[in-house]
Chemist: 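Pasting a structure here, questions to come.
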There are 2 protein chains.
Amino acid sequence: MTATREPRRGRPPKGAPQLTRQAIVTATLKVIDIDGIDAVSMRSVARILGVDPKSLYNHVAGKDGLLDAVAEEILGSMHLPEPTGDLRDDLLAIGHAFRESALAHPQAAPLVLTRQLASLEGLAPVEAVLTVLRAAGCPPRDAVPILRTLVATLIGTLLREVHAGPTYGITDVAGIAQRRTTLEQSGLPRVAEAAADLARFDSDAEYQFTLNLAVDAVTARLSAT
Amino acid sequence: MTATREPRRGRPPKGAPQLTRQAIVTATLKVIDIDGIDAVSMRSVARILGVDPKSLYNHVAGKDGLLDAVAEEILGSMHLPEPTGDLRDDLLAIGHAFRESALAHPQAAPLVLTRQLASLEGLAPVEAVLTVLRAAGCPPRDAVPILRTLVATLIGTLLREVHAGPTYGITDVAGIAQRRTTLEQSGLPRVAEAAADLARFDSDAEYQFTLNLAVDAVTARLSAT
DNA sequence: ACCTGAACACCGTTCAAGT
DNA sequence: ACCTGAACACCGTTCAAGT
């Protein structure tokens with residue numbers, strides 16, 4: 001005789017798995033990976049945990065706090081490389097590590113790239129870049145704006161990449177062709193002229209290009225002092 | 001005998017001002033400027049127009065289309081400078097024009113910086129940058145990735161600026177002091193060391209710095225060919 | 001300490017019916 | 001062609017009451 005499962009009341013029986021902040025974050029990531037960021041709601045997350053939406057408020061500061069927690073989780077799982085002592089190599093390595101962590105959950109990337117994180121998780125990459133710049137003999141006062149420029153460039157590039165999505169890649173030939181003719185008929189001469197190049201987008205290559213350009217700029221600036 | 005104002009029904013009397021796409025966009029901007037972007041809803045916008053929320057659907061493709069329209073409006077009002085023929089000067093001028101238009105409605109800036117715009121409005125700045133690069137002898141194939149890097153850098157920087165908000169500036173001494181001690185106690189040595197510089201943020205100066213660095217990188221890359 | 005019922009004040013959107 | 005009533009399926013969040 002299987003009793004029809006009644007909704008629990010009060011604290012759960014000791015055998016039951018406690019609702020935990022980590023479980024909530026994981027569930028949220030699941031929602032994001034499957035249905036995208038707009039599908040995140042206190043209700044949708046609670047649903048896949050088999051819990052009342054209001055229970056989440058015991059572990060997370062509202063929906064905003066939940067999204068912050070997700071961003072921190074992703075940033076916290078970033079694998080920072082050991083510095084080798086070579087400025088260029090080290091900056092490039094950090095740049096690639098940043099991209100890798102952001103793209104681990106592409107649909108969640110805007111969160112990581114966009115949220116102003118007050119927590120310590122957000123500071124680990126900052127520490128990494130500062131360490132490399134300081135090792136190259138750059139004083140903190142000069143290092144900070146360089147750090148900010150570098151981060152801004154990577155964020156801007158990654159934001160473009162994740163917003164463009166897979167559609168905008170190099171595989172969807174039909175889509176590329178269609179975008180190309182749109183651009184050719186835009187009435188803007190330079191845009192039309194470059195339509196073939198504007199219509200396609202190789203994210204790996206473009207990231208590489210931008211990162212290299214940024215690192216070049218930084219090393220040039222530093223050696224100029 | 002003043003009749004109690006009954007809600008209109010059907011098409012409005014010919015004297016009444018027609019609901020128009022432009023009016024809707026303007027009203028939305030008003031909501032954003034006053035209460036921020038999260039305050040935008042079909043209902044809030046309709047309310048200040050004295051209209052039923054559903055009427056908006058006759059002029060705008062849902063809430064998403066509404067936000068796109070706002071972004072296009074802002075981008076469309078960007079004042080692009082006449083090219084002088086000097087690569088550096090022209091790129092700097094476009095960069096400053098971009099910032100100016102984005103900051104005309106600071107609360108709406110994330111829209112402009114973040115939305116993937118399919119419309120022609122979004123192409124005007126692209127045309128401007130391409131024109132300058134082509135004038136400097138750069139072939140389209142090389143110009144496009146440079147353009148993308150440039151735009152990504154500006155977007156990343158402006159995003160940081162608007163997210164930081166006025167609080168994070170250089171005027172709020174108390175806030176700066178508090179952030180500084182937080183950073184000093186972060187346990188991260190390089191962060192602690194640079195705490196004084198990390199705690200403050202002069203947006204004008206930083207934008208100038210980043211823009212210069214980016215333009216330097218581009219000109220260096222071009223003359224290397 | 002943690003969970004939920006009841007409740008509140010919101011959302012975006014469709015569709016048919018009006019003029 | 002444009003507007004709205006009725007309606008639907010959602011939201012986030014508070015607070016008191018349970019265990």
Side-chain angles (χ1 to χ4, degrees), chain A residues 3-28 30-32 34-71 107 111 115, chain B residues 3-32 34-71 111 115:
Chain A
T4 60
R5 190 73 152 68
E6 298 199 358
R8 276 189 275 94
R9 185 63 189 269
R11 210 164 171 191
K14 55 187 166 206
Q18 271 273 62
L19 183 55
T20 188
R21 187 182 164 88
Q22 181 58 54
I24 294 173
V25 169
T26 304
T28 310
K30 205 179 296 184
V31 173
I32 294 177
I34 296 176
D35 290 322
I37 218 168
D38 288 340
V40 174
S41 71
M42 301 306 268
R43 287 163 149 96
S44 66
V45 171
R47 198 176 306 130
I48 89 176
L49 287 168
V51 151
D52 188 282
K54 293 178 256 53
S55 301
L56 305 184
Y57 288 85
N58 288 301
H59 304 87
V60 136
K63 185 177 179 181
D64 238 54
L66 174 58
L67 295 179
D68 277 340
V70 171
Q107 308 233 59
L111 247 42
R115 300 227 139 210
Chain B
T4 61
R5 189 74 151 67
E6 298 199 357
R8 277 188 274 96
R9 185 62 189 269
R11 208 166 172 189
K14 56 187 165 205
Q18 270 273 64
L19 183 55
T20 187
R21 186 182 165 89
Q22 180 59 53
I24 293 173
V25 169
T26 304
T28 309
L29 264 174
K30 204 178 297 182
V31 173
I32 294 176
I34 295 176
D35 290 322
I37 217 168
D38 288 340
V40 174
S41 70
M42 302 304 270
R43 289 164 148 95
S44 66
V45 171
R47 199 176 306 130
I48 90 177
L49 288 168
V51 151
D52 188 282
K54 294 179 257 54
S55 301
L56 305 184
Y57 288 84
N58 288 301
H59 304 89
V60 133
K63 185 178 178 181
D64 237 54
L66 172 57
L67 295 179
D68 277 340
V70 171
L111 248 42
R115 300 228 138 209

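The figures that follow rest on heavy atoms only: side chains count, while hydrogens, waters and symmetry mates do not. Just so it is clear: chains get the letters A, B, ... in the order the sequence lines come, proteins before strands, and each one is counted from 1.
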Chemist: If we ignore hydrogens and angles and just use 3.5 Å, is the side chain of B:His59 paired with the main-chain N or O of B:Leu19 as donor and acceptor?
Modeler: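 At least one qualifying donor-acceptor pair exists.
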Chemist: Return the value, rounded to whole Å, for the distance between atom CG of A:Asp64 and atom P of D:dG12.
Modeler: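 It works out to 11 Å between those atoms.
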Chemist: In this structure, how many angstroms lie between the C1' atom of D:dG5 and the CZ atom of B:Arg43, rounded?
Modeler: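 Spelled out: CZ on B:Arg43 to C1' on D:dG5 is 13 Å.
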Chemist: In this structure, how many angstroms lie between the P atom of C:dC3 and the CE atom of A:Met42, rounded?
Modeler: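 After rounding, the reported distance stands at 13 Å.
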Chemist: Which residues in residues 56-63 of chain B have a heavy atom closer than 4.0 Å to any atom of DNA chain C?
Modeler: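 Within residues 56-63 of chain B, the residues near DNA chain C are B:Tyr57, B:Gly62, B:Lys63.
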Chemist: For the side chain of B:Ser41 and the backbone of B:Ser44, is there at least one donor-acceptor N/O pair under 3.5 Å apart?
Modeler: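 Looks like yes, one N/O pair under 3.5 Å.
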Chemist: When you check the phosphate oxygens OP1 and OP2 of C:dT4, does a side-chain N or O of A:Ser55 lie under 4.0 Å from one of them?
Modeler: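 Yes, such a contact exists.
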Chemist: Hey, what do you get for CG (A:Leu56) to CG (A:Leu66), rounding to the nearest 0.5 Å?
Modeler: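 Answer for the CG-CG pair, A:Leu56 versus A:Leu66, is 7.0 Å.
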Chemist: Write down the distance between CG (A:Leu66) and C1' (D:dT13), rounded to a whole number of angstrom.
Modeler: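 It works out to 14 Å between those atoms.
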Chemist: Under the salt bridge (Lys or Arg N to Asp or Glu O under 4.0 Å) definition, can you give me all pairs with a residue in residues 41-63 of chain A, not counting sequence neighbours?
Modeler: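 Residue pairs with at least one partner in residues 41-63 of chain A: A:Asp52-A:Lys54.
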Chemist: To the nearest 0.5 Å, how far apart are CD1 in B:Ile24 and CG in B:Leu29?
Modeler: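 The CD1 atom of B:Ile24 sits 12.5 Å away from the CG atom of B:Leu29.
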Chemist: Testing the basics here: between A:Arg21 and A:Ala69, what is the closest heavy-atom pair and its distance to 0.1 Å?
Modeler: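 Shortest heavy-atom contact: NH2-CB, 3.6 Å.
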Chemist: Can you give the dot-bracket line for DNA chain C, where a pair is Watson-Crick or G-U wobble with both atom distances under 3.5 Å, crossing pairs use [ ], and | marks a partner on another strand?
Modeler: ||.|||||...|||||.||
Chemist: Taking only residues two or more places apart in sequence, or in another chain, which ones meet B:Thr26 in a side chain to side chain contact (heavy atoms under 4.5 Å, CB included)?
Modeler: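 Listed in chain order: B:Gln22.
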Chemist: Could you check how far CG of B:Asp38 sits from P of C:dC11, rounded to whole Å?
Modeler: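 For the pair B:Asp38 CG and C:dC11 P, the rounded distance is 12 Å.
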Chemist: In this structure, how many angstroms lie between the C1' atom of C:dA6 and the CG atom of A:Asp52, rounded?
Modeler: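 Roughly 11 Å, once rounded to whole Å.
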Chemist: Check salt bridge (Lys or Arg N to Asp or Glu O under 4.0 Å) between A:Asp64 and all other residues, then give those that pass, not counting sequence neighbours.
Modeler: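 Only A:Arg115 meet the salt bridge (Lys or Arg N to Asp or Glu O under 4.0 Å) criterion with A:Asp64.
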Chemist: For a quick check, tell me whether the side chain of B:Lys54 and the base of D:dG5 share a donor-acceptor pair closer than 3.5 Å.
Modeler: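 Checked by distance alone, the answer is yes.
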Chemist: On DNA chain C, nearest-nucleotide positions of B:Arg47 versus A:Thr20: which is more 5'?
Modeler: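 Looking at DNA chain C, the more 5' nearest nucleotide goes with A:Thr20.
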Chemist: Between atom CG in B:Leu49 and atom P in D:dC2, what is the gap in whole Å?
Modeler: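 Computing the B:Leu49:CG to D:dC2:P distance gives 16 Å.
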Chemist: Applying side chain to side chain contact (heavy atoms under 4.5 Å, CB included), name anything that partners A:Ile37, two or more places apart in sequence or on another chain.
Modeler: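 Result, side chain to side chain contact (heavy atoms under 4.5 Å, CB included) vs A:Ile37: A:Ile32, A:Leu111.
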Chemist: Within the pair A:Ser41 and D:dC11, is there a side-chain N or O less than 4.0 Å away from OP1 or OP2?
Modeler: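 Yes, within the criterion.
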Chemist: Can you check the A:Ile24 CD1 to C:dC2 C1' distance for me, whole Å?
Modeler: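 Nearest whole value for this atom pair: 11 Å.
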